[in-house]
Number of protein chains: 4
Amino acid sequence: MDAKKGEHPRQSRRERRIERRRREILTAAAQVFAQKGYAHTTTKHLAEAADMAEGTLYNYFEGKREILLAILNEMYVPIDALLENARPLSTRDDFVRIVENGLEIFVSQLDFTRALLTEIWVDDVILNDLIIGRLQYIGQAIRGFIARRIEAGNFRPIDPEAATLMILGGFIALILPVLRGKHPTPTAEERHRLAQTAVDLLFDGLRVRENQ
Amino acid sequence: MDAKKGEHPRQSRRERRIERRRREILTAAAQVFAQKGYAHTTTKHLAEAADMAEGTLYNYFEGKREILLAILNEMYVPIDALLENARPLSTRDDFVRIVENGLEIFVSQLDFTRALLTEIWVDDVILNDLIIGRLQYIGQAIRGFIARRIEAGNFRPIDPEAATLMILGGFIALILPVLRGKHPTPTAEERHRLAQTAVDLLFDGLRVRENQ
Amino acid sequence: MDAKKGEHPRQSRRERRIERRRREILTAAAQVFAQKGYAHTTTKHLAEAADMAEGTLYNYFEGKREILLAILNEMYVPIDALLENARPLSTRDDFVRIVENGLEIFVSQLDFTRALLTEIWVDDVILNDLIIGRLQYIGQAIRGFIARRIEAGNFRPIDPEAATLMILGGFIALILPVLRGKHPTPTAEERHRLAQTAVDLLFDGLRVRENQ
Amino acid sequence: MDAKKGEHPRQSRRERRIERRRREILTAAAQVFAQKGYAHTTTKHLAEAADMAEGTLYNYFEGKREILLAILNEMYVPIDALLENARPLSTRDDFVRIVENGLEIFVSQLDFTRALLTEIWVDDVILNDLIIGRLQYIGQAIRGFIARRIEAGNFRPIDPEAATLMILGGFIALILPVLRGKHPTPTAEERHRLAQTAVDLLFDGLRVRENQ
DNA sequence: CATGAATGAGTCTTCATTCAT
DNA sequence: GATGAATGAAGACTCATTCAT
């Protein structure tokens, strides 16, 4: 129980094993939640998917709900990285790049995202954390970008609020069919093309410019 | 006990009472489903919300799930009417009008719509019926409109598939905050303004037209 | 409410109507009980079979169980008559006649008998009333008959107790397939033949008499 | 924890424990079913009788009905053994022996047999499986025996069908009072005497043989 | 740490009975 | 008397969590 041969290696190895186990559980759980929805998933399902006994789950998580919240946490890291990257967001290419990165994140975390879909609308912690915390942050970045561009005379004086919502909605709509498994997951090239189309549409609209 | 005055009124009164009661249950149920989500709502909750005994629910619906499906059906009528109206969809004003009507429908059915949000991802009948059935239909109308306009030289040759998705997503994004109760329900005027902004953005994009 | 034109005719007509209604209910109920068993029969089933509303049943009977007990009572009249008839029971023909009559009673009351079958084993009132009350009475008659015959030297000195049981059992076995609907209901002639065969078997056994 | 001594013991111990538990439940359930009848028995009753929580029952059986069916299966083993034994059935002693064995089986399985009595009339699976399947098989054996004996001139030319029914009925009648708890369970000696009396009655009838 | 049997509160649903019309 | 909607107690079954091994 006490130190032997230096504490680090031993503690560390144990911690690493625990961390590995937790991640195994989360990966498996995300798949099951994604397929059945949180409420319809039983701990038995989770245990089977993680290939362990039900009781073992409780050695790594406090309960079913905590597993879901841990999944939520897993998504923060790449999203925060994305936001960090997107901070400047000043040119059209910035926009393409951030949309592309966003698509990449969702694609690489499909199961985690899907897992949250059902409880998003119901669980206030998740809703506030994810939607309010992250999405609003993203929204602000976009709103700021638009406002600055309008001020600079590059963008038409459109209500930035509505525009932001539609941009986010458009982006979500692009991945929703994939999340629902109705579309195959797009390749890197497809993601690039999608991002360009999206930004193109947003910037220039559907209508033909008369004299260009 | 009194004169019969024709048989209709008597049958009719009973039928009307039943219909009224069903509607009462649906209205109450939609609110509860919207707040708690389908799976987290118990029949006890439903009974309390409808101010009746649990057993009474079963005089009007076969079970909890049938109540949800009945809510789903309630949404068909106005949506189908909207689609019928939107059939031509040829001018920009058509577009504004249909977006405006769509917003109106969702607003008038807020609770019903919210009620479906959670189970949409999990219940295949609902998913296929509602999303695939309706949304695809709407999508086709939009895709057709875009394709025709591109052919006519009015629209730029953008991928109609991606454009449709983004339009739908943008539209949904406009309502989502309202659905989640994060925005107050927009008034008729606000809906009109929103619809115009949305269509304006879609048609002309964010960027300033250089020579206009 | 009080007397008018003599009480009898009016009371009588009302009473007769009530009696008729009760009988209608019992007839219908016996069929349903017979098919589904008492416990699996709902008052809704009973009401439908009697072609009236559920509530109306309660104007004629205290509840579901009382309907079953009333069915039990219906069987007493013919059984008691049979027993009265069988009182002497001294010749072989008496035996044939009483078996024949017994078969006739069961056949004419098939549904009533079937209706009681499920609850016989469970309801102590029914068990004590019917089995103990009636069957034991019948058993005593048979036992007495056998004992007297043995004493008179007509019957071999077989244990009258066991013999009685086997006689009753044999009789029941003859009607059981009919009760279960596995045999068609026997005609009068078939009943006569069955009774003769049964008594013949009981009196003379299976074995060939060596010198007769 | 200790040496493995081969893998069997470990798997086996768990399996044996499960098997023991299942049997405990069945034994307890049979008693309750026998007393109250299947339909009037609640899972709460069953749990109490087996001295465990309601939920635990479901770790061993799929549901209430499966417990009943398992009880049904318990009865097959000895009955099938009896039938196998009785195959030849050619002498009078064979007959005595098989009746005696039959009595023994029923006595040793009193609760199991009682448990089935109520649902027999209502549950088609049970009815067809047990009654039709087993009883008809037994009936055929008896019919065949009688027919052969008649042909051989040992038995009088009595309708074998009716005779079989009465034999089965007589046998059942011998046990019914015991099943209902109205008689104490017969000892081995009493069973032997009963069997002899029964066969004696069947073979030689009640009447004194005039010249014997 | 791993296991999985045991637990019992909680769910959906049924149905005998009541009672206002 | 007849009706059938309303009731709510009771039933079969589920499942997150605990805990002895």
Side-chain angles (χ1 to χ4, degrees), chain A residues 14 17-18 21 38-48 50-67, chain B residues 1 10 13-14 17-18 20-22 39-47 50-67, chain C residues 14 17-18 21 38-48 50-67, chain D residues 1 10 13-14 17-18 20-22 38-48 50-67:
Chain A
R14 189 166 154 271
R17 204 185 46 202
I18 288 179
R21 216 89 163 87
Y38 174 77
H40 296 154
T41 299
T42 69
T43 48
K44 197 174 163 73
H45 291 147
L46 294 180
E48 274 167 13
D51 195 30
M52 58 181 64
E54 278 185 78
T56 309
L57 294 174
Y58 289 80
N59 288 332
Y60 296 95
F61 295 96
E62 303 238 328
K64 185 181 160 191
R65 186 157 182 280
E66 278 64 37
I67 295 181
Chain B
M1 255 181 198
R10 178 174 274 219
R13 188 179 321 170
R14 189 169 155 270
R17 205 186 43 203
I18 290 179
R20 212 184 314 137
R21 215 86 164 90
R22 285 177 57 97
H40 296 290
T41 300
T42 69
T43 49
K44 200 177 163 88
H45 291 145
L46 294 180
D51 194 30
M52 55 181 67
E54 273 187 80
T56 309
L57 295 174
Y58 291 82
N59 288 338
Y60 296 94
F61 295 97
E62 304 239 328
K64 185 181 159 190
R65 187 158 182 281
E66 276 65 36
I67 294 180
Chain C
R14 191 167 154 272
R17 204 184 46 203
I18 289 179
R21 217 85 164 90
Y38 174 77
H40 296 154
T41 299
T42 69
T43 48
K44 198 175 162 71
H45 290 147
L46 294 181
E48 274 168 11
D51 195 30
M52 58 181 64
E54 278 185 79
T56 310
L57 294 174
Y58 289 81
N59 288 333
Y60 297 95
F61 295 97
E62 302 239 327
K64 186 181 161 190
R65 187 157 180 281
E66 278 63 37
I67 294 181
Chain D
M1 255 179 199
R10 177 174 277 219
R13 186 176 327 167
R14 190 170 154 270
R17 205 187 43 203
I18 289 179
R20 211 184 315 135
R21 217 86 165 89
R22 284 177 57 97
Y38 174 78
H40 297 290
T41 300
T42 69
T43 49
K44 199 178 163 98
H45 290 146
L46 293 180
E48 276 167 10
D51 195 30
M52 55 181 66
E54 273 187 80
T56 309
L57 295 175
Y58 291 84
N59 288 337
Y60 297 93
F61 295 96
E62 303 238 328
K64 185 181 159 190
R65 187 158 182 281
E66 277 64 37
I67 294 181

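Order of the sequence lines sets the chain letters (A, B, ...), proteins ahead of strands, with each chain counted from 1. Worth saying up front: this structure is predicted, and the values here are computed from it rather than measured.
Remark: P of dC12(E) and CD1 of Ile67(B) are 10 Å apart, rounded to the nearest angstrom. Between the CG atom of Leu46(B) and the C1' atom of dT13(E) there is a distance of 13 Å, rounded to whole Å. The nearest whole Å value for the distance from the CZ atom in Arg13(D) to the P atom in dA5(E) is 15 Å. Between Asp51(B) atom CG and dA5(F) atom P there is a gap of 19 Å when expressed in whole angstrom units.
Among the nucleotides dT7(F), dA2(F), dG8(E), the one closest to any side-chain atom of Asn59(C) is dA2(F). Considering only side-chain atoms of Arg21(D), the nucleotide from dG1(F), dA5(F), dA6(E) that sits closest is dA6(E). Which of dG1(F), dA5(F), dT3(E) sits closest to the side chain of Arg17(C) comes down to dG1(F). Checked against dA6(E), dA16(F), dC1(E), the side chain of Thr42(A) finds its nearest nucleotide in dA16(F). Closest to the side chain of Tyr60(A), out of dA2(E), dT3(F), dG8(E), is dA2(E).
Partners of Arg65(A) by side chain to side chain contact (heavy atoms under 4.5 Å, CB included), not counting sequence neighbours, listed by chain and number: Tyr38(A), Leu69(A), Asp123(A), Val125(A).
Within the model, atoms CG of Leu57(D) and CZ of Arg21(D) stand 9.5 Å from one another, a figure rounded to the nearest 0.5 Å. A distance of 11.0 Å separates NE2 of His40(C) from NE2 of His45(C), quoted to the nearest 0.5 Å.
Taking the side chain as every heavy atom from C-beta outward, Lys44(D) and Glu48(D) approach each other to under 4.5 Å.
When heavy atoms are screened at a 4.0 angstrom cut-off, Ile18(A) is found touching the sugar-phosphate backbone but no base atom. Residue-level contact check: Phe61(B) touches neither bases nor backbone, having no heavy atom under 4.0 Å from any strand.
OP1 or OP2 of dA5(F) sits under 4.0 Å from a side-chain N or O of Arg14(B).
Of all heavy-atom pairs between Ala47(C) and Ala53(C), the closest is CB-C, 3.8 Å. Taking every heavy atom of both residues into account, Arg22(D) and Phe61(D) meet most closely at NH2-CE2, 3.3 Å.
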With the criterion being N/O to N/O and under 3.5 Å, what pairs connect the protein with nucleotides 17-21 of chain E, and how long is each?
unit_1  : atom_1 : unit_2   : atom_2 : d
dT17(E) : OP2    : Tyr58(C) : OH     : 3.0
dT17(E) : OP2    : Lys64(C) : N      : 3.1

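Taking the nucleotide of DNA chain E with the nearest heavy atom to each of Thr41(C) and Ala53(D), the more 5' of the two is matched to Ala53(D). Residues Ala39(D) and Leu57(C) both approach DNA chain F. Their nearest nucleotides, taken by heavy-atom distance, put Leu57(C) toward the 5′ side.
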* Structure fact -> Encoded 5' to 3' (Watson-Crick or G-U under 3.5 Å; [ ] crossing; | other strand), DNA chain F becomes .||||||||||||||||||||

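Checking side-chain atoms of Lys64(A) against main-chain N and O of Leu46(A) turns up no donor-acceptor pair under 3.5 Å.
Other residues, nucleotides and ligands place no more than 12 heavy atoms under 6.0 Å from the CD atom of Glu62(A).
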